[in-house]
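Report on the structure given below.
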Protein chains: 2
Amino acid sequence: MNRKAPNRRTRAKQKRLSADDRRSEFVTKATELFAEEGFAGGTRALARKLGVTQPLLYRYFPSKDDLIKEVYRKVYLEPLEIGWEKLLSDRSRPLRVRLQEFYEIYTDAIFTRKWLRIYLYSGLKGLDINRWYVGMVKDKILTRILRECRHEAGLAVQSRPSAAELELAWVFHGGIFYYGVRKYIYDAPVLEDKAQMISDALDIFLAGFEKIAENSADRRRVPIKVIG
Amino acid sequence: MNRKAPNRRTRAKQKRLSADDRRSEFVTKATELFAEEGFAGGTRALARKLGVTQPLLYRYFPSKDDLIKEVYRKVYLEPLEIGWEKLLSDRSRPLRVRLQEFYEIYTDAIFTRKWLRIYLYSGLKGLDINRWYVGMVKDKILTRILRECRHEAGLAVQSRPSAAELELAWVFHGGIFYYGVRKYIYDAPVLEDKAQMISDALDIFLAGFEKIAENSADRRRVPIKVIG
DNA sequence: ATCTCCGGTGATCACTCGATAAACTGATCC
DNA sequence: GGATCAGTTTATCGAGTGATCACCGGAGAT
């Protein structure tokens, strides 16, 4: 890359990175390794990916578990950098458009082989961070979506959605999520146009929302407003 | 249990089972073990669950991998014993009722901690049997559902559904599937009434089906239909 | 009673795993 | 140029893995 030392011998492996660089390189490559092999992936295989020896890992992490925790942190916090609060709640734009854009961006972030596999592996281990993430999806995404849907439909906006409504949103959300699982975990053929898949799923969800909402609530209601 | 030998000393471990019994006991307990620990679960832990010693496993299976294959076979074939062909295609009953009953029975079969975990673990390994199962769901369930939906809607029934329609069915199916994942893998709180979840998901799917079906022909976007 | 068959055990091998301690090496400071 | 510090390696440990072998012992057949 950079040839700041032109007379330097070309070494197959450049060693002696700075501590911070080496540490983050461990995390990066560990994410790749664990995504493929699961957390049973060995520390020696990891070191081989870096071109270093295995004990070096323990200069940077007290144990393999600590490395794994670091991988969790990185993976689980990655999709949070989107800033969906304002995206979902910006009522100056049509709800349909907001939802479409949100899910396109959100799935761009999490529909990678790496992310999905780490997520499922950690989910199977039943870790707290996984439950935390699920709770965050519920509070920060689904609850917000439901609130906007109720507002759009002219229904009373309650602070917390009913269990049935929430389940409705979960099934919708899970259906989209499972698209990524089929594509990147199962390697199964899917509809290539992800945006259309989201659009179709949204059509169905929005069309059916009121129908369920009126059953769960006591109120009768007004027809859905037409999108622009 | 049975006291056919009343004078026999009560032994904590009754040994010497018949070959067939022992073999199937290995598969059963291995399924439980692998569901919890993943396929990294050890042969010694398995033997402990049976109350026997570890080398005994190799009397019945040439290798651990062969045991695992047997576990796959059992788990993947389990939900197939339902016989959904006639259930889904019996046009003497309303489609809505057929779908509701099918998904209640189907999810009764696969929504167990054991089944879902083995399924996800094997899916992460990318085995052929997993792709086979996904293909079977597509051909035997989703394609059949779509055919019945088109018939119900008075649309031409084609032999193979369009990619967009199929994706629609997948998102619907995946949404229901993900309910099981949330409940039994993530141990997350879900709507307890599974039948209502299915019913709500069906309402949405059926309400939105026609709309997508007609859009897949020509891509014109039309306002959302008002529900009754 | 004795023989024979076969389910089951004890001992062990080669290997891999995560982890530790000590030695090595290259860059930086005085 | 020598001391020093930090990044890296070599050697190794103890525990655990899948797998193999010779052997044991109880139940049924003769």
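Letters go in sequence order (proteins before strands), and every chain restarts at 1.
Atom pair Asp20(A):CG and dA6(D):P shows a separation of 14 Å (rounding to whole Å applied). Following rounding to the nearest Å, Glu37(A) (CD) and dC17(C) (P) show an atom-to-atom distance of 10 Å. One interatomic measurement links the two molecules: CZ of Phe39(B) to P of dT17(D), which rounds to 17 Å at whole-angstrom precision. Between Leu57(B) atom CG and dT9(C) atom P the separation is 12 Å, expressed in whole Å. Remark: C1' of dT12(C) and CD of Gln54(B) are 11 Å apart, rounded to the nearest angstrom. Protein atom NZ of Lys64(B) is 12 Å distant from nucleotide atom C1' of dG16(D), rounded to whole Å. Atom CZ in Arg22(A) sits roughly 14 Å away from atom C1' in dG26(C) (whole-Å rounding). Rounded to whole Å, atom P of dT8(D) lies 6 Å from atom CG of Leu17(A).
Between the side chain of Arg44(A) and the backbone N or O of Gln54(A) there is no donor-acceptor pair closer than 3.5 Å. A donor-acceptor pair under 3.5 Å is absent between the side-chain atoms of Lys138(B) and the main chain of Trp170(B), judged by distance alone.
Looking at heavy-atom distances under 4.0 Å, Ser63(A) makes contact with sugar-phosphate atoms alone, never a base.
Within a 6.0 Å radius of CG in Asp20(B), no more than 12 heavy atoms belonging to other residues, nucleotides or ligands are found. Other residues, nucleotides and ligands contribute at most 12 non-hydrogen atoms within 6.0 Å of the NZ atom of Lys140(A).
Trp115(A) and Phe111(A) have their aromatic ring centers separated by at least 6.0 angstrom. Checked against a 6.0 Å centroid threshold, the rings of Phe209(A) and Phe172(A) do not count as neighbours.
Side-chain N/O atoms of Thr43(B) include one lying less than 4.0 angstrom from OP1 or OP2 on dG18(D). The shortest distance between the side-chain N/O atoms of Arg59(A) and the OP1/OP2 oxygens of dT8(D) is not below 4.0 Å. Of the side-chain N and O atoms in Tyr60(A), one or more sit less than 4.0 angstrom from OP1 or OP2 of dT8(D).
Candidate nucleotides dT9(D), dC21(D), dG8(C) were compared by shortest atom distance to the side chain of Pro55(B), and dC21(D) ranks first.
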Restricting both atoms to N or O, compile the protein contacts to nucleotides 24-27 of chain D shorter than 3.5 Å, with distance only.
| unit_1 | atom_1 | unit_2 | atom_2 | d |
| --- | --- | --- | --- | --- |
| dG25(D) | N2 | Arg16(B) | NH2 | 2.6 |
| dG26(D) | N2 | Arg16(B) | NH2 | 3.1 |

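In this structure, Lys194(A) is not positioned above the aromatic face of Tyr179(A) in the sense of NZ or CZ being under 6.0 Å from the six-membered ring centre and within 45° of the axis.
With DNA chain C read from its 5' end, the first of the two nearest nucleotides for Ala19(B) and Arg44(B) is the one closest to Ala19(B).
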